[in-house]
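Notes to accompany the following structure.
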Amino acid sequence: MNLDERLLKPYNPATTEDRIYREWLAKRAFEPQGEGEAFSMVMPPPNVTGVLHLGHAAMIAIEDIMVRYARMQGKRTLWLPGTDHAAIATQTKVEEMIYKAEGKTRHDLGREEFLKRVTAFATESHDKIVEQIKKLGASTDWTREAYTLDERRARAVREAFVRMYEAGLIYRGERIVNWDPRLQTTVSDDELEMKEVTEPFYYLKYGPFIIGTARPETKFGDKYVVMHPADKRYANYEHGQKLEVTWLNGQITATVIKDESIDMTFGTGVMTITPAHDTTDAAIAARHGLESEQIIDLKGKLLPIAGEFAGLHIKKARGAIVEKLKTLGLVEKIEEKYVHNVPVNSRGGETIEPQILRQWFVDVNKPIAERNGASLKALMREAVASGGIKIIPEQFEKIYFHWIDNLRDWCISRQIWYGHQIPVWYRGEEIYVGVEPPSAAWQSEGWVADPDTLDTWFSSGLWTFSTLGWPEATADLKAFHPTTVLETGYDILFFWVARMILMSRLLLNQLPFKTVYLHGLVRDEKGQKMSKSKGNSVDPLAMIAKYGADALRLSLIIGTSPGSDVRISEDKIRGYKNFSNKLWNIARFILTAIEGEVPARPESLSASTTSRLAELEAVTKDITDDIEHYRFYLAGEKLYHYVWHTLADKIIEAAKAPLQVPSEAPEIRFLLYTIFDRMLRLLHPFTPFITEELWSLWPKTERELLINTPWPKI
RNA sequence: GGGCGGUUAGCUCAGUUGGUAGAGCAUUCGCUUGACGUGCGAAGGGUCAUAGGUUCAAGUCCUAUACCGCCCACCA
C-alpha cells in the first residue's frame, strides 16, 4: 500500500500544528455542542502586561487536558478564554515606558490621553497573548472571549458595586490604609509583601520612660505612651494619667494608655504610638478613642508638625532627627543591627507608608439578611467548609481558612486611572451611586465623578459569571454557572479564588465552581523562579518552535503534581520531542501492517491477544481514573510508558514475525489496530496536535475529528 | 511568633486504601535488527533525613528532632 506522503517524513510539528488548529476552529470544535451534561471552566485571564511564560503554558496544558477529556466524554463543554487588564501592573508598566521614551508622566499627558496609550499597549499585548494561547493548542471558545475591562464586564462591575453598596456591604470610610508613596495609590492587604531589613533601633527618653522605635522620624506627634496593664514596672502609672514630657519640639502633654496588645518582653515594654502611620498604633488608638495626627504627607514628606524638618522626605529626615534627639539628650542608646520586617508593595517594591485616608471598602463582617445573617467572611468560609467547593491539593483548604480568619475589610479604591472607575458621583454633600451617571447632563449639573478606580481583583472576582453575561439572565449563565472546575496557581488563592467565592455567593447565591485545582509555580532547573531580570526565563514560543507544542505540554505535565512547584529545563522538553517521534513511527509501522484498513475482529483470539486486550482495558481504566482524580501527571506518565515500553518495545516487536505468517496476521492486525486506536484517544488531551494529525491518517468508522471522538468506555 | 509542606537512585520527581522500592534524565556494556539511532537490548546504583512507637507487615500511620521551603502575622 502507499503511505500518505506525510508519513514518509519525520513528524514536523512546525508545519502541522497551525494547520490542525485552524481546522478545529473552522469546524467550530471548541464551542459547546449537544445537550449533554455541561462542563465549564473559565481560563484565568493572563495579564495584558506582556507575553506568556512557561507558567501560563503549564496552566493551559492542564486545563486543556480537562477540557478535551470532558469534550470526548460527550459533555457540553465550554472553556472560556480572556485577559485581565491588571490595573496597577499595566498602568505602571506603561508609565515607565512613556517616561523612558518621552520623559513625561501620566499627569503631563492627562487622563484621557494616558488611557489611550495604555489601551493601545494592552491591545497589542492582548494580541500576542492570544496568539500564544493558540500555539499551545488551547481548545478555548474564542467566540466568547472576554476582557476584564471591556463593555460587558464594565456593566457587570458597576452592577455589582451598586448592589453591594445598596446592601451596605460597600462603604466609604476614613481608615488606615496601605499607601504606596511612589505609585501614589492604596494597595490591599494581600498585595503587601514583608521584606526583611536591618537598621538601627533607637531607645529614646520620653519623660520618665524609655521607649523603643525603629522610626524616630514619625514620632513628632506622639502624645500617647502605651504599656501593658499587668506590667509591674509601670504599676505606678494609671491609664489616662497625664504627664508633661520634653520631646522633639519642646514640652508636650503625654497620656498614659494601658493596652494588652503590648509585649512586655520587647524593648522596655513601653512605646509611644503614631496612629496616623502605623497599623498597630491605629488599632490601639481606635480601641481607646485616641486622636491621631498626620505627620507624613502622601509624597512621603514631613508636614509642618515636624517644625524645622517640614518638607523633608522621611528617608532623608531620620539622620537629622536623630542628631537633634542626641542634642536634646533624649537618646538613651542605639542598637545598630535590628532586624525586622517592613511592608513593601509586591508590585513595584516600594515601602508602604500607612496613611489614614477616605477610601471605599468591602465590609466582610456585616451580617447579610438575604443570606441568613451570614457575613461575606462566613460565606467564603462555608463554601469550602461545607464541601461545596473542594480544593486540590487538600492542604490548601487549611491555608484558605487561615486567611479568611485573619481577613479585614477589603480596600477596593485605587488612585490610578487604568481600571473600572468607581460608579459614584458627588455634588456637595450629595452622593449618587449608580450603574449610570445621575443624569445625562451630570457634568453641567455640578456632579463630580469619583476619580478612583477599583482594585483589579474586584472585576476578577466576577469572572465566572461576568463572562457568561451577568447581570443579564443569559442562556449561557443558566447553562454554565456554577462552573465545573477552576484551575489556577496557588499564589492567587486569596487574591482571586476567595474573591470569586465572595462575589458569586453574594450576587448569585451560587458557588462559582465545584472544584479548585491549584498548580505549582514553574521554576528553572536550579529551582529558581523564572524572570527576565535573571535571564533564566524560557520562552514557550521558542520551545514550541523547536520541539512542538505537544512536547512542551507533556514536559509541563509529567513530573508535576498539584500544589508543588515544577522544575523545567530544555532537556526535559527535548525528551518529549522524542516521544512524538516515537508515536509517529509506531503509526507508520501499524498503518503499514494493517494496510490502511480497519481490520475485522477474528472469530477467535489467542491467549496472548486476549491478555493484551485485557491489559489495554486495565490501562484505559487506570488512565481514566487518574484523570477523574486530577492526577494528570500520573496519567501522562503511564501513557508514555505504555506506548513506548509496552506497545513499541514488546507488542510491536512480537508482532513482526507473525505478521509474515498469513494465518496469524489478521489477529495481529486487529490487535495493533485496537491498541493504537485506543492510544490516540487516550493521548489526545495530552498531545492534541500529533494525535489529531494521526487520526486524519487513521482508517476509522467514527468521527472525522479526534477532538470530538468519544473517550473509550470502561 | 503562628500555620502548612518537603526530605526516596548522581539529578528531577512518582509511589493513589500500609503488603518484598519506581520513572525520566544521567552512567556503564553490547547492538549498521528492513517503524524509529530522536533507536534497540542489558547492567549498575537507594539502611526511603534521624530517633522512637503502632502493626503479622511502615516510604506509606503516630510522636519527637534536624535541615530546606512556602504562607500568614499589629514585637513598636
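Residue numbers start from 1 in every chain, and the chains themselves are labelled A, B, ... in the order their sequence lines are given, proteins ahead of strands.
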Nearest-angstrom distance, [atom1] atom, [N] to [M]:
N	M	atom1	answer
B:A14	B:U8	P	11 Å
B:G53	B:U16	C1'	26 Å
B:C13	B:G6	P	13 Å
B:G18	B:U32	P	50 Å
B:C75	B:G1	C1'	9 Å
B:G15	B:A23	P	15 Å
B:G44	B:U27	C1'	8 Å
B:U50	B:U60	P	11 Å

### Plane angle bin for A:Phe201 and A:Tyr338 - parallel if under 30°, tilted between 30 and 60°, otherwise perpendicular
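If you compare the ring of A:Tyr338 with that of A:Phe201, the planes turn out tilted.
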### Message
Can you tell me how the ring of A:Tyr576 sits relative to the ring of A:Tyr640, calling it parallel under 30°, perpendicular over 60° and tilted otherwise?
### Response
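A:Tyr576 vs A:Tyr640 ring planes: perpendicular.
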Rounded off to whole Å, could you give me the [atom1]-to-[atom2] distance for the [X] and [N] pair?
X	N	atom1	atom2	result
A:Asn406	B:G2	CG	C1'	9 Å
A:Asp231	B:C75	CG	C1'	14 Å
A:Tyr206	B:A76	OH	C1'	14 Å
A:Asn585	B:U33	CG	P	16 Å
A:Asp405	B:C71	CG	P	19 Å
A:Tyr633	B:G22	OH	C1'	14 Å
A:Lys572	B:A14	NZ	C1'	11 Å
A:Ile573	B:G24	CD1	P	19 Å

### Message
By the definition side-chain hydrogen bond (donor to acceptor under 3.5 Å, both in side chains), identify the one residue from A:Asp222, A:Thr218, A:Thr213 that meets it with A:Thr272.
### Response
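Answer to the side-chain hydrogen bond (donor to acceptor under 3.5 Å, both in side chains) test with A:Thr272 among A:Asp222, A:Thr218, A:Thr213: A:Asp222.
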Quick one: which of [options] gets closest to the side chain of [X]?
X	options	answer
A:Phe494	B:C72, B:A14, B:A73	B:C72
A:Trp644	B:C25, B:A35, B:G39	B:G39
A:Lys638	B:U16, B:A35, B:A76	B:U16
A:Ile262	B:A35, B:A76, B:G24	B:A76
A:Asp263	B:G5, B:C40, B:C75	B:C75
A:Asn581	B:C74, B:C36, B:G24	B:C36
A:Leu634	B:C4, B:A35, B:A14	B:A14
A:Thr213	B:C36, B:A76, B:U16	B:A76
A:Asn578	B:C36, B:A76, B:U38	B:U38

[N] phosphate, OP1 or OP2: any side-chain N/O from [X] under 4.0 angstrom?
X	N	value
A:Tyr338	B:A76	yes
A:His645	B:G24	yes
A:Lys656	B:A35	yes

Describe the nucleic acid contact of [X] in one word from base, sugar-phosphate, nothing, applying a heavy-atom distance below 4.0 Å.
X	value
A:Ala282	nothing
A:Leu493	nothing
A:His402	base
A:Gly575	nothing
A:Ile558	nothing
A:Arg408	sugar-phosphate
A:Ser561	sugar-phosphate
A:His277	nothing
A:Gly520	nothing

### Query
Which residue lies toward the 5' end of RNA chain B, A:Glu637 or A:Asp649, if each is placed at its nearest nucleotide?
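Nearest-nucleotide comparison on RNA chain B picks A:Glu637.
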### RNA chain B: 5'-proximal contact among A:Tyr576 and A:Lys398 (nearest heavy atom)
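Its nearest nucleotide lies further toward 5', so the answer is A:Lys398.
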In the structure shown, which nucleotide is the Watson-Crick or G-U wobble counterpart of [N], with both distances under 3.5 Å?
N	value
B:G30	B:C40
B:G18	none
B:G10	B:C25
B:U55	none
B:C48	none
B:U60	none
B:C72	B:G1

### Query
Charged N to carboxylate O under 4.0 angstrom, A:Asp190 versus A:Arg499?
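Looking at A:Asp190 and A:Arg499, the cut-off is met.
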### Message
One thing to verify: whether A:Glu199 and A:Arg215 come together as a salt bridge, which I'm taking to mean a side-chain N less than 4.0 angstrom from a carboxylate O.
### Response
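So A:Arg215 does not pair with A:Glu199 through a salt bridge.
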### Task
Could you tell me which non-hydrogen atom of A:Ser555 sits nearest to which non-hydrogen atom of A:Ile573, and how far apart they are?
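Closest approach of A:Ser555 to A:Ile573, heavy atoms only: OG-CG1, 3.4 Å.
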Test item: [X] side-chain N/O and [Y] main-chain N/O as donor-acceptor pair under 3.5 Å:
X	Y	value
A:Glu664	A:Val661	no
A:Lys377	A:Leu407	yes
A:Arg669	A:Ala593	yes

